[in-house]
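Since this is a predicted model, take the numbers as computed values, not measurements. Just the heavy atoms: all of them, side chains too, but no hydrogens, waters or symmetry mates, feed the values below.
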Amino acid sequence: MIPEGTAEVEATVRAVLVDVLGVSPERAAAFRSETPLFGALPELDSMAVAGMLTEIEDRLGILIEDDEVDGEMLETFGALVTFASGKVLG
């Protein structure tokens, strides 16, 4: 479940998936909390992770440390939004 008060972060993550990974806007709009990402989304390979996270950092004004990046935060759309929201709101 994506926490309350994260609509802007969620919209930003969707936009990054479209802009950086080339996911169609319609497909990104259909992503739900439980939608799997890494390992399930062909566009999100190990090379794309760095670009996507850098773009999220830039757009949200946050810093994601290397040791914070793991499979769990990239497992689902909801996990990524929750992680980014924690950085923004934390």
Visitor: Start with the C-alpha distance between Arg14 and Phe31, add both sets of side-chain angles, then the distance that settles side chain to side chain contact (heavy atoms under 4.5 Å, CB included), and finish with yes or no.
Guide: CA-CA 8 Å; Arg14 284 185 202 279; Phe31 284 5; 3.5 Å; yes
Visitor: Assigning hydrophobic clusters by single linkage (Ile, Leu, Val, Met, Phe, Trp, Tyr; side-chain heavy-atom cutoff under 4.5 Å), is Leu41 placed with Met47?
Guide: no
Visitor: If we check side chain to side chain contact (heavy atoms under 4.5 Å, CB included) with Leu37, which of these qualifies: Leu21, Val49, Leu44?
Guide: Leu44
Visitor: Which atom pairs, one a donor and one an acceptor, fall under 3.5 Å between side chains of residues 56-64 and the rest of the protein, sequence neighbours left out?
Guide:
unit_1, atom_1, unit_2, atom_2, d
Glu57, OE2, Ile64, N, 2.6
Arg59, NE, Glu55, OE2, 2.7
Arg59, NH1, Asp19, OD2, 3.1
Arg59, NH2, Asp19, OD2, 2.7
Arg59, NH2, Glu55, OE2, 3.2

Visitor: If you apply the rule side chain to side chain contact (heavy atoms under 4.5 Å, CB included), what do you find for Glu34 with Glu75, and how did you get there?
Guide: CA-CA 9 Å; Glu34 63 280 357; Glu75 186 175 0; over 6 Å; no
Visitor: Walk me through whether Thr82 and Thr6 qualify under side chain to side chain contact (heavy atoms under 4.5 Å, CB included).
Guide: CA-CA 8 Å; Thr82 298; Thr6 61; over 6 Å; no
Visitor: Verify, without hydrogens or angle tests, whether Thr76 (side chain) and Ala79 (backbone) share a donor-acceptor contact under 3.5 angstrom.
Guide: yes
Visitor: When you measure from the side chain of Asp70 to the backbone N and O of Met73, does any donor-acceptor pair fall under 3.5 Å?
Guide: yes
Visitor: For Ala84 and Val9, which heavy atoms make the closest approach, and how far apart are they?
Guide: CB-CG1, 3.7 Å
Visitor: What residues form a side-chain hydrogen bond (donor to acceptor under 3.5 Å, both in side chains) with Glu72, not counting sequence neighbours?
Guide: none
Visitor: Would you call Glu43-Arg27 a salt bridge at under 4.0 Å N-O?
Guide: yes
Visitor: Mind checking the OG-CD spacing from Ser33 to Glu10? Nearest 0.5 Å is all I need.
Guide: 7.5 Å
Visitor: Do Val18 and Leu80 belong together in a cluster built from hydrophobic side chains that touch within less than 4.5 Å?
Guide: no
